[in-house]
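Single-structure report; data block below.
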Amino acid sequence: MEKKWTQLWLAYRPCRESENGPVVRYTALEGFDLAHPVVKNAWREWRRGIGGMLGITPKLTERETLQKEGARGGLWIRRNEDGLILGGYRIHADAAGTVCLEAGEETGLLYGVFYLLRCVAMQRPLTELSICCNPDNLLRMTNHWDNMDGSIERGYSGRSFFFEKNRVIVNGRTRDFARLAASVGINGVVINNVNVKDEATWLITQKHLGALAKMAEIFAGYGIRLFLSLNYAAPMELGGLDSADPLSEEVRSWWAERFRIVFSAIPKLGGFLVKADSEGRPGPFTYGRTQADGANLLADLVQPYGAVILWRCFVYNCTQDWRDYKTDRARAGYDNFIGTDGAYHENVILQIKNGPMDFQIREPVSPLFGGLRRTNQMLEVQIAQEYTGQQIDLCYLIPLFQEVLSFQTYCAKQQDTVADIVSGRTFGEKDEKERAARPRWGMAAVCNTGNEENWTGNDLAAANFYGFGRLAFDTSLSAEEIAKEWASLTFSNDPGTRDAVVALLMGSRDTYEKYTSPLGIGWMVTPSTHYGPSVDGYEYSRWGTYHRADHLGVGVDRTDVGTGFVRQYHEPNASRYNRLEQCPQELLLFFHHVPYSYVLPSGKTLIQHIYDSHFEGVREVERMIEVWESLREKLPSKPYERVRERFARQLENAREWRDQVNSYFYRKSGIADEKGRPVYGALGKETGNEISVQ
Ligand code: GCW
């Protein structure tokens with residue numbers, strides 16, 4: 001039995017018939033064919049939305065009769081490519097009150113319809129609109145780490161809705177997922193885990209291609225291309241070959257035949273995502289070949305089908321010795337890929353995580369952005385909250401993504417931010433239309449959805465899914481604007497309620513950062529589950545994620561006398577990070593080993609900062625709970641209760657983090673909290689220098 005699920009921000013709750021009433025009664029369609037699946041879905045969505053919100057059934061009519069019939073205008077949808085690229089749309093109204101939605105092709109129309117529906121839901125008068133939206137990023141993807149047995153790697157919202165018992169599922173939820181994704185501009189979805197093992201290796205065989213083709217059709221109706229993750233060793237595991245060497249003729253012919261079969265079953269397949277030579281996955285390094293050899297082999301063979309290869313840069317040594325102070329995991333992405341810049345064929349896109357480590361709450365930006373100049377690139381972020389609270393703790397990630405996008409790399413005189421680079425503006429074809437003709441740039445998010453009723457476990461975590469899509473489409477949107485939209489659409493237009501939810505979201509990342517690991521050092525999480533504190537959990541492990549705390553100080557020396565990681569950045573970033581006094585405070589321990597007594601730019605010593613921020617973090621969670629509880633009467637009871645239950649767990653988690661981190665550093669440093677708050681030393685609760693055994 002399928003569980004019933006919510007429609008999130010597409011719930012289309014009834015709302016007051018503002019002045020939009022007349023506009024939405026009649027629609028004229030010019031230059032678009034209603035039989036086209038995307039147009040059909042757009043029209044279906046429009047009727048569903050307007051029906052739900054205003055109780056009106058919009059009717060199709062001719063342009064000439066629009067004004068007459070609609071009394072005060074109507075909606076005129078017309079094809080117009082001028083100034084619009086793939087996915088772009090323009091909306092404006094004339095004096096007679098006709099609202100005109102223009103798009104150059106079907107997906108632009110679809111996105112324009114979703115935009116209009118948002119405006120209706122937020123009670124913005126459509127006749128006042130005058131906008132032109134072209135997407136900043138051409139590829140806007142979600143990556144699902146779903147396994148074929150139905151489990152989800154790093155999934156915090158139930159099980160997969162793409163797979164169950166080693167089979168592909170296609171049902172009503174597939175379509176609803178596509179609607180949700182398309183409504184925020186997502187146009188590519190990788191449905192299976194990048195760790196491709198067991199049955200997932202067989203996705204590219206006849207066994208599953210029929211179901212995948214059906215899914216690809218549903219997705220295509222919403223302007224979304226289906227992608228799959230590949231097992232690099234498939235020639236061995238499926239084909240029985242004794243190698244997967246990218247330069248072997250036998251391997252090449254095996255893949256060629258495989259792709260012929262796959263693309264004849266799913267001509268709309270967008271291509272493949274590959275995690276090679278990473279965390280035990282096979283790859284070209286096994287055969288002494290480069291990452292480019294590996295990627296190009298596949299890219300050449302999918303090229304005739306108009307497909308691309310998304311090749312991940314998450315390549316590092318995960319069997320490091322903690323005694324080795326020279327090997328630095330942060331350096332690995334750059335060291336492994338910079339030498340092959342320019343060697344990738346035109347349909348390879350390197351997919352790069354936002355930071356050099358792994359989706360921590362605070363990291364510098366990966367130096368591959370700005371380092372690579374002759375290679376197509378995508379930014380990979382993670383909305384599945386693996387290290388950021390696992391959808392128990394509230395952590396609205398859009399401010400973090402915005403920081404990444406606005407980071408200035410200094411790789412060029414202008415247009416040198418990460419947003420510029422991943423959109424293709426810096427190193428792609430200069431002409432926007434040319435770039436859009438062959439999308440090779442963009443953003444991907446490891447997705448936070450599962451089969452739970454509310455899709456994301458914590459109802460408030462849906463803001464990250466919504467926000468990622470909106471931001472990937474339009475990188476100039478502010479995190480707050482996005483939060484406002486999401487809160488209005490999801491909960492209420494009532495400004496008091498909406499603003500309270502927005503404030504909760506906006507403060508949540510800082511709060512999470514305060515009670516977890518300090519000043520950019522990251523980790524300190526429970527090994528493998530990655531939830532909750534374990535300060536030394538990874539300190540003596542093989543994963544390269546150390547904090548190097550001793551009785552004098554903490555942090556990793558990545559300066560030019562340390563691991564030299566800072567040198568991977570352009571100036572002035574390299575020097576800024578290299579000099580202790582100039583290094584941004586929030587990243588201090590990422591780049592430097594710092595004594596506890598060091599006075600930070602804030603005027604506090606490092607140790608006092610650790611204590612203060614941890615006490616503050618917990619207090620902030622307590623306040624968040626009060627705010628949430630004040631909304632009890634304003635919100636539907638189910639989401640209210642679900643979120644409240646999660647806040648209770650968050651508070652417990654935050655306290656645990658505070659006490660373990662503070663006690664750890666008190667025990668290491670022997671320096672007491674100058675405010676005398678409870679910190680736990682060898683003999684129990686210790687306030688100031690007095691020891692009081694509990
Ligand atoms: O951080 C690690 C995660 C793994 C994940 C890996 C990756 C899919 O803990 O679960 O594997 O990142 O990004 O490949």
Side-chain angles (χ1 to χ4, degrees), residues 141-157 159-160 162-163 189-198 200-201 203 227-233 272-283 285 291 294-295 310-320 329-330 332-333 336-337 349-363 366 368 378-391 395 397 400 404 443-450 468 516-517 522-532 534 537-538 541-546:
M141 307 188 61
T142 54
N143 291 180
H144 298 255
W145 289 353
D146 292 23
N147 299 316
M148 289 204 67
D149 63 4
S151 61
I152 303 179
E153 182 155 348
R154 312 305 176 186
Y156 311 105
S157 336
R159 297 184 56 86
S160 173
F162 293 130
F163 307 109
V189 175
V190 187
I191 57 169
N192 65 308
N193 188 355
V194 286
N195 289 325
V196 187
K197 294 180 200 161
D198 310 318
T201 304
L203 274 171
F227 290 75
L228 296 173
S229 297
L230 268 192
N231 181 343
Y232 200 80
F272 300 97
L273 173 62
V274 190
K275 171 176 178 177
D277 290 311
S278 169
E279 301 187 329
R281 304 314 300 147
F285 280 169
Q291 296 296 300
L310 308 160
W311 191 267
R312 294 179 89 225
C313 293
F314 188 55
V315 179
Y316 70 99
N317 172 7
C318 68
T319 55
Q320 203 184 313
R329 173 163 163 183
N336 281 313
F337 283 88
I349 303 160
L350 294 189
Q351 190 168 301
I352 306 165
K353 289 192 184 188
N354 60 275
M357 296 295 275
D358 194 7
F359 300 137
Q360 302 302 293
I361 190 67
R362 177 77 65 177
E363 282 185 53
S366 166
L368 277 170
M378 269 179 86
L379 166 65
E380 181 180 310
V381 295
Q382 192 188 40
I383 55 177
Q385 290 173 238
E386 176 177 1
Y387 296 98
T388 53
Q390 306 206 345
Q391 289 146 243
C395 193
L397 291 160
L400 189 164
V404 171
M443 286 172 68
V446 178
C447 203
N448 59 356
T449 50
F468 166 73
T516 54
S517 61
W523 309 95
M524 302 191 177
V525 289
T526 308
S528 19
T529 67
H530 299 171
Y531 187 76
S534 175
Y538 276 115
S541 77
R542 64 184 174 90
W543 294 96
T545 53
Y546 315 116

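When a ligand or atom number is given, it counts from 1 through the structure's own listing order.
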* **Flag for E386-Y156: side-chain donor and acceptor within less than 3.5 Å** => no

* Asked: Can you tell me the protein heavy atom closest to atom 6 (C) of ligand 1 and the distance?
  -> E279 OE1, 3.2 Å

* Structure fact -> In this structure, CG of L310 is separated from CD1 of I349 (nearest 0.5 Å) by 5.0 Å

* Structure fact -> Among H530, K353, K275, the residue with a heavy atom nearest to atom 13 (O) of ligand 1 is K353

* To do: For ligand 1, note which part of V194 has a heavy atom under 4.0 Å away: side chain, backbone, both or neither.
  => side chain

* For ligand 1, which atoms, with element, lie under 4.0 Å from some heavy atom of R154? -> 3 (C), 4 (C), 9 (O), 10 (O)

* Side chains of E153 and N195: do they bring a donor and an acceptor to under 3.5 Å? -> yes

* To do: Give the contacting part of Y387 toward ligand 1: side chain, backbone, both or neither, where contact means a heavy-atom distance below 4.0 Å.
  => side chain

* Asked: Can Q291 and D277 be counted as having a side-chain donor-acceptor contact under 3.5 angstrom?
  -> yes

* What orientation do F359 and W145 show, parallel under 30°, tilted 30 to 60°, or perpendicular over 60°? -> tilted

* Asked: Numbering the atoms of ligand 1 from 1, which are under 4.0 Å from a heavy atom of F314?
  -> 6 (C), 7 (C), 12 (O), 13 (O), 14 (O)

* Within-shell test, E386 vs ligand 1, heavy atom, strictly < 4.0 Å -> yes

* Hey, what's the ring geometry for Y387 with W523, parallel, tilted or perpendicular (30° and 60° as the breaks)? -> perpendicular

* So which bit of F359 gets within less than 4.0 Å of ligand 1, heavy atoms only: side chain, backbone, both or neither? -> neither

* Looking only at protein heavy atoms, identify the closest one to atom 2 (C) of ligand 1 and say how far it is in Å. => D358 OD2, 3.1 Å

* Note the single closest protein heavy atom to atom 8 (C) of ligand 1, along with its residue, its atom name and the distance in Å. => N195 ND2, 3.2 Å

* To do: Determine yes or no for a side-chain-to-main-chain donor-acceptor pair under 3.5 angstrom, with S278 supplying the side chain and F314 the backbone.
  => yes

* Provide, to 0.1 Å, the distance between atom 4 (C) of ligand 1 and the closest protein heavy atom, together with that atom's residue and name. => E153 OE2, 3.3 Å

* Ligand-side contact atoms (ligand 1) for residue partner N193, heavy atom cut-off under 4.0 Å -> 8 (C)

* Kindly indicate, with the supporting measurements, whether the criterion side chain to side chain contact (heavy atoms under 4.5 Å, CB included) is fulfilled by V189 and F162. => CA-CA 11 Å; V189 175; F162 293 130; 4.3 Å; yes

